[in-house]
Amino acid sequence: MRVLIVDDSSVMRKIISRGLRQAGFEVDDIIEAGDGQEALQMLNSNNCDLILCDWNMPNMDGLTFIKELRKSDDTPVVMITTEGGESKVQEAMQNGANGHIKKPFTPDTLKASLGSYFK
Amino acid sequence: MTNRKELLDKIADSLRITVSEVFHTMAWSEVVFTGSEEIPTFIIHNINAGITQIFGSLTGMIAITCDDTLTRNIVARISGLMPEELIHDDLLDGMGELANMVSGGMKSKASLGSIQLSPPISILGGSYSAHCKTDRPTLLLNFQVEGHALKIFACL
């Protein structure tokens with residue numbers, strides 16, 4: 001299972017990586033991107049099974065990333081963000097996101113929200 | 001219409017809950033709320049800070065401050081590194097993420113209408129003063145985390 005983490009915060013990318021392992025998921029490889037643009041470039045040469053993506057990022061934000069991604073790719077995308085506003089969540093889902101996790105989160109939260117992608 | 005006292009009470013309550021949630025969930029730290037006050041303006045000196053600006057139906061900012069030791073310990077814990085492994089950029093990034101999570105949590109819990117949050121501003125430093133001129137008093141929430149002071153400022 002290869003997971004792509006898209007977040008402009010290197011600390012948050014570490015938090016998510018650690019959370020995935022603490023949740024007990026069998027992750028073979030984690031690759032990271034600092035924004036949506038970089039993520040799209042990485043996906044050109046790396047197949048991923050799951051994408052975990054922040055909302056607010058420079059260069060290309062999470063919503064724009066999903067819209068661009070969905071033009072040619074149906075890899076599951078789960079948004080990880082501080083803002084759990086209903087309208088934002090709905091907008092992400094309408095544009096192709098598969099789920100949403102709000103920060104702060106625990107490994108148990110990740111297990112409950114992402115478990116279906118690791119079966 | 002919500003008056004200012006009701007608004008500040010709502011913000012204070014949501015910040016207290018959010019701070020406790022963020023530090024407990026991400027850094028396994030217990031946070032003790034020690035009191036709140038309104039101060040005339042927002043000035044900070046020689047302390048680490050993470051700041052998020054607020055736009056929309058409310059304008060202002062939320063700031064979180066703490067000393068170097070607490071910054072290093074908390075950022076180490078949330079990122080899974082040892083404190084001595086952290087580089088300057090990790091600390092800047094970590095302070096920003098703490099501010100981001102506290103502001104975002106407050107926004108979700110306080111139901112403040114249509115507001116947007118800026119990307120966080122991080123400040124690390126030993127010799128500076130920063131002043132935000134506001135036309136209203138600033139709400140200051142005081143906490144203790146592992147023997148160190150943690151302050152949350154709401155300038156709205």
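Any value given below was found using the heavy atoms of this structure, including those in side chains, with hydrogens, waters and symmetry copies removed. To find a chain, count down the sequence lines: A is the first, B the second, and so on, and within it residues start at 1.
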With hydrophobic residues grouped by side-chain heavy-atom distances under 4.5 Å, do [X] and [Y] end up in a single group?
{"X": "B/F153", "Y": "B/M106", "result": "no"}
{"X": "B/V19", "Y": "B/I39", "result": "no"}
{"X": "B/I44", "Y": "B/L92", "result": "no"}
{"X": "B/I152", "Y": "B/L7", "result": "yes"}
{"X": "B/L98", "Y": "B/L70", "result": "yes"}

### Message
Give the interface residues of residues 4-29 of chain A toward chain B, defined by a heavy-atom separation under 4.5 Å.
### Response
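Against chain B, the residues of residues 4-29 of chain A that fall inside the cut-off (heavy atoms, under 4.5 Å) are A/D7, A/S9, A/S10, A/V11, A/M12, A/K14, A/I15, A/R18, A/Q22.
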Rounded to the nearest 0.5 Å, what separation is found between the [atom1] atom of [X] and the [atom2] atom of [Y]?
{"X": "A/T81", "Y": "B/N100", "atom1": "OG1", "atom2": "CG", "result": "7.5 Å"}
{"X": "B/E97", "Y": "A/D54", "atom1": "CD", "atom2": "CG", "result": "7.0 Å"}
{"X": "B/M26", "Y": "A/K103", "atom1": "CE", "atom2": "NZ", "result": "8.0 Å"}
{"X": "B/M101", "Y": "A/F105", "atom1": "CE", "atom2": "CZ", "result": "8.0 Å"}

### Task
Please list, in residue-number order, every residue in residues 71-91 of chain B that has a heavy atom less than 4.5 Å from any heavy atom of chain A; write 'none' if there are none.
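Hits under 4.5 Å: B/V75, B/R77, B/I78, B/S79, B/G80, B/L81, B/D90.
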